[in-house]
Amino acid sequence: MSPTSHPQRRPDVETYVLPDGTSLLYDPANEAGHPLDLVQSLIWEYCDGACSADEIAREVAALAPADPAAHEFALHMLNELAERGLLLSPAQALGIP
Amino acid sequence: MSRPRRASPPELASCPPNRQPDKETSPLGLTIAGVAVSIDGLDAMLHPRAHDLFRPFAERSDRYCAPPARIRVELADDASRWVVHQDGHEVMSTADPERLLGYLDWLAVSLALEASTQYAVFHCAALVRDSGAVLLVADSGAGKTTLTTGLMQRGWEPLGDDIALVDRETLAISAFPRCFHVDAASKALLADAAPLDWPAGMSGHARPTRWATGSYHVRTIAVVERCATCPSMRWPILQAQAAAALVSSAIRNQLPRSDVVRIAAQVAAGAKTCIRLRNGHLDGALNLIEGAARQ
């Protein structure tokens, strides 16, 4: 995923936020559940198409200033969400079938 | 208080092929997970055994004029074997009464759980003590039945060793009093004082001498993996990981999948403790479960 792309959640993926701050994502397309920890849940929340991948990563890094790897981790997580098919592809995000 | 005496498994009565058909008995009516199931065509030799096997589910058969799941057992034309029909189709035949009854147990339970709309069904063991339930989420062979029986010996009451029914509205679990399936390896691990009875003629089936009554909310979820050569250990896991494990263990039925996922998430959300348990040495694993349940 390019740092300039704007990741956007697939609208059909269900999100269940749990009391410990973690989330369960459910992908009805392949009936798979994906557990996310607290930081991953935050990244997922950012994936509304408004922010670029780099902006999301910088937001996450700002929340963990003591962690020099936070920016890289956020980008890695965005790539993983994309690889799991949980984000709209760039074409889908533009409404191209 | 004396421990319940463990009954010896009775010898399987022989059933020679080419026997004369016995007079057919009345249908065996069952209610499994709220679903009516009827088994017709059992002869006088099979009916009491099937009734014993399904005892907690048995109902008066006159309530079953049109059950959604109907199974019929017939003797083959040459009287050499029994043939099982479901919805008019032959689905199994055997000359071995134990195999026949084991298959009927599986078929009746499968049909009922598939037809159920009231419960989300998970492939888990569940037990209760002091009003809080523990769920043991594990694949087959990971030790659910052995752990369940071990916890029963420590005063826990079983809700099921293999199937957990979660009410879709209350999210509570009530007992699913199906016989435990005990293989030879598990049997060797069970102490003589295991609180189990053995239905007649079913060497691989055991029934707890008591079940939990009422319904309970889940307080502890343990995702169990077996490692016979490892020490038992546990790690805390996220509620989301417990929920995902529950989703993976869900058994399909008439409930929409999204409802099952919601229920799994809500059950995990209500749990105070979620752990991953490496099931090595039995006593160690039981101590770790009880420790998690006390948190």
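Reckoned from all heavy atoms, side chains included, excluding hydrogens, waters and symmetry mates. Computed from a predicted structure; not experimentally measured.
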- Task: Please determine, among A:Pro35, A:Ser41, A:Gly21, the option with the most heavy-atom pairs under 4.5 Å with chain B.
- Result: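 Between A:Pro35, A:Ser41, A:Gly21, the count favours A:Pro35.
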
- Message: Tell me which of these, A:Leu36, A:Thr22, A:Leu38, A:Val17, has more heavy-atom pairs under 4.5 Å with chain B than the rest.
- Response: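 Heavy-atom pairs under 4.5 Å are most numerous for A:Thr22.
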
Reported [atom1]-to-[atom2] distance for the pair [X] and [Y], which is rounded to 0.5 angstrom:
X	Y	atom1	atom2	result
A:Asp20	B:Ile237	CG	CD1	10.0 Å
B:Gln266	A:Tyr16	CD	OH	8.5 Å
A:Leu24	B:Leu246	CG	CG	9.5 Å

Region of [X] that comes under 4.5 Å of a non-hydrogen atom in chain B:
X	value
A:Pro19	both
A:Glu31	both
A:Leu18	both

- Message: If I measure from the heavy atoms of chain A, does B:Ser248 come under 4.5 Å with its side chain, its backbone, both, or neither?
- Response: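 Neither the backbone nor the side chain of B:Ser248 comes within 4.5 Å of chain A.
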
- Task: Go through the steps for A:Tyr26 and B:Arg257 under the test side-chain contact (heavy atoms from CB on, under 4.5 Å), then give the verdict.
- Result: CA-CA 10 Å; A:Tyr26 174 67; B:Arg257 189 72 174 171; 2.6 Å; yes

- Message: Surrounding CG of A:Asp48 (heavy atoms of other residues, nucleotides or ligands, distance under 6.0 Å), is the total greater than 12?
- Response: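 Above 12, so yes.
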
- Query: Counting heavy atoms not belonging to B:Glu225, are there more than 12 under 6.0 Å from its CD?
  - Reply: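 Enclosed.
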
- Message: Using a 4.5 Å heavy-atom cutoff, which residues in residues 287-295 of chain B come close to chain A?
- Response: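 Listed by number: none.
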
